Amino acid sequence: GYADNVLLGDRIPSWTDKITDKNATQAEWTKQPVKTANGVSFGGFLKITDLNVTAQHIFIVAKRRPKNGRVHLLSGNSVANMIKWDNSGNFWDNGSQEFAYGNGGSVRVSAGPNSLTDNVAFIATLTVGDEAGSNGVFLDLYLAARQWGNTGMAENFDGEIHEVLFYDRILQNSERDAVEQHLAQKWGITLYPEQQAAAQAAYDAAKPPAEPESGLVAYYKFEPVSVE
């Protein structure tokens with residue numbers, strides 16, 4: 001990306017991939033993303049041309065703002081390799097245009113279920129499916145939008161993108177977990193298993209002490225089954 005002296009609020013006309021040195025560009029000032037404290041805020045989009053990479057595993061650190069309808073976080077050429085959601089709040093994985101469609105394809109959010117929350121930073125981890133459009137090959141890459149026709153863009157993402165990682169192989173579960181842990185620590189994100197552990201600890205701390213059983217002749221339990 002740009003040097004660290006880019007000021008908060010500055011518009012970003014281009015962004016450089018650290019591995020391939022391919023530039024993402026946006027010539028129109030009104031569509032250029034804006035530098036924020038934690039990444040880049042998108043109202044427009046960036047396009048990386050001639051990327052020519054094959055992605056098998058993708059990690060995206062982002063935060064979305066409320067927006068109705070379909071929204072594309074990123075996509076490839078000709079409506080292929082899409083990573084998007086709609087009003088359901090979940091990433092799509094049920095069509096040939098989707099990156100995670102088919103056997104082997106998977107989506108998880110912050111190491112947990114495929115479920116997004118507005119204004120909360122997340123880590124999206126996606127594995128390519130065997131029926132994905134273009135089989136994970138990105139000739140070009142569109143960040144925060146999808147290609148529409150020959151020149152237009154549509155269904156733009158509204159939010160912040162902090163980091164995107166493409167791997168050209170499917171990572172082992174331990175490797176995937178390590179990447180998620182690294183990104184979570186880097187960006188201050190609480191992963192789903194940690195959320196569950198914290199919630200369980202708080203629940204356990206709030207439970208009443210066990211009732212004395214000496215002399216107990218009747219017990220009518222109206223607590224949830226999970227409370228023991």
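A quick note: this is a predicted structure, and the numbers were derived from the prediction, not measured.
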Work out which heavy atom in Lys67 is nearest to a heavy atom in Asp158; give both atom names and the distance.
-> CD-CB, 4.1 Å
Heavy-atom nearest pair, His57 first then Leu171, reads ND1-N, 3.0 Å
Are any non-hydrogen side-chain atoms of Ile60 and Leu73 less than 4.5 angstrom apart?
-> yes
Decide yes or no on salt bridge (charged side-chain N to carboxylate O under 4.0 Å, His left out) for Asp118 and Arg64, but give the supporting numbers first.
-> CA-CA 6 Å; Asp118 290 336; Arg64 71 174 190 176; 2.7 Å; yes
Any luck finding a side-chain donor-acceptor pair between Glu180 and Thr125 under 3.5 Å?
-> yes
Correct closest heavy-atom pair for His162 and Ala121 would be NE2-CB, 4.4 Å
Close aromatic pair by centroid cut-off 6.0 Å: Phe166 and Phe138 = yes
Indicate yes or no for a side-chain donor-acceptor contact from Asn114 to the backbone of Phe91 under 3.5 Å, with no hydrogens or angles considered.
-> yes
Just by modelled atom types, is the Thr190 backbone N or O under 3.5 Å from a matching donor or acceptor in the Gln195 side chain?
-> yes
Could you walk me through whether Asp177 and Arg108 pass salt bridge (charged side-chain N to carboxylate O under 4.0 Å, His left out), step by step?
-> CA-CA 11 Å; Asp177 294 347; Arg108 63 191 221 161; 3.0 Å; yes
Distance-minimising heavy-atom pair for Trp85 and Leu116 | CE3-CD1, 3.5 Å
Distance-minimising heavy-atom pair for Gln181 and Leu191 = NE2-CD1, 3.7 Å
Heavy atoms only: give me the nearest Leu126-Phe99 pair and the separation to one decimal.
-> O-CE2, 3.7 Å
